[in-house]
Amino acid sequence: MRPALVQGFHRVPDLPALQAALAAHAALVQPFELGRSVNGTAILGVRLTAPGDSGQRVRVLVDGGIHGNEVYGAESAVYLAAWLAENYGRNATATRILQQDDVRLVFLLNPDGRAGDHRENAHGVDLNRNFDVDFGNPNPLCRSQSISPAVPYYYAGPRPLSEPETAALAAYMQELEPQLYLSHHTGRHAVIRPWAACDPPYPMPAADDALFESIESWVSNHTTYKNTGTAEETAKRERLFPPGAASGSSTDWCYLTYHCVALTLEVTMAYGEGGGDPVGIAEEALPVSVHMLEHAADYAAWRAPSG
Ligand SMILES: [Zn+2]
């Protein structure tokens, strides 16, 4: 069922009312403030889980909008929250997810970037390069991060977790120790898994690699998100800006620090609000996140789901 709460875009001033409307599902939803942006805007989220003992549930973190102009990423995270809250008790999958998972969902990590329609935060930092994994790799072949503030778009910041938005997310992760982490972006039509870093800290163990491969394979076989070839080939095919691995990402950091199963969902190519109806795009992305949440216990055990 399409949730009634999602119609059109949710701009920064709309999010407190959205959070309050979700929190009206009081048995399922608890609102929280993750922290504040550079400009002092509250970064809002909701915890979604069924009534009862949540102690044994899988700890899931979902976010959107770490890149401010990736509007449809944030909209897809919002949609997922509303879909879960409104379908609990009506749809068997949504019900099962909230009985099994303890979901923490942040609507929009970079409200200043969203308000100004730019990728970076209000300090000009690319927040998804600001985590401490191969931070700011200066190798010129690693084109998607920079340690120079003179390089726009990919500036990693003066040091890891220098920004209030990333520091807040990292502190929240430290408390939660996520077992599954889904981060919604745009700019591609694909899923991206660790390592994203140009020079990863260590080679991925074969068992981890096999699980990520099984996720990519499921996504390719069951959704519109087709992953074929290397990141470089994908970037060329999709006519992206110069391709290159991304060091300092939140997903790599979650995988490195908490051995969480981390996935970037690139929900659509478009930046800004020019890509069409956000509800339609969120509905296209929904099967990926729903599948991941439904099988979160398997992922938490680093086991490929059988179904
Ligand atoms: Zn992004």
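Throughout, residue positions are numbered sequentially from 1 according to the sequence presented. For ligands, and for the atoms within them, numbers begin at 1 and follow the listed sequence.
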Query raised in the report: Is Leu169 reachable from Val38 through a run of I, L, V, M, F, W or Y residues, each pair having side-chain heavy atoms under 4.5 Å apart?
Result: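 Not linked; separate clusters.
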Query raised in the report: Nearest heavy-atom pair of Asn87 and Thr95: which atoms, and what distance?
Result: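 Of all heavy-atom pairs spanning Asn87 and Thr95, the closest is O-OG1, 4.0 Å.
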Requested in this report: Please tell me if the side chains of Phe212 and Trp302 come closer than 4.5 Å, counting only heavy atoms from C-beta onward.
Outcome: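 Yes. Closest side-chain heavy atoms under 4.5 Å.
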**Report entry** Check ion pair Glu86-Arg2 (N to O, under 4.0 angstrom)
**Finding:**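 No.
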Requested in this report: Run the salt-bridge test on Arg114 and Glu273 with the 4.0 Å N-O cut-off and return the result as yes or no.
Outcome: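 Salt bridge between Arg114 and Glu273, a charged N being under 4.0 Å from a carboxylate O: yes.
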Query raised in the report: With no hydrogens and no angle check, is any side-chain donor or acceptor of Arg59 less than 3.5 Å from a backbone partner on Leu176?
Result: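 Yes, Arg59 side chain to Leu176 backbone: donor-acceptor pair under 3.5 Å.
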Requested in this report: Using a cut-off of 2.8 Å, find all protein N, O or S atoms closer to the Zn ion (ligand 1) than that distance.
Outcome: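 Less than 2.8 Å away from the Zn ion (ligand 1) sit His67 ND1, Glu70 OE1, Glu70 OE2, His185 ND1.
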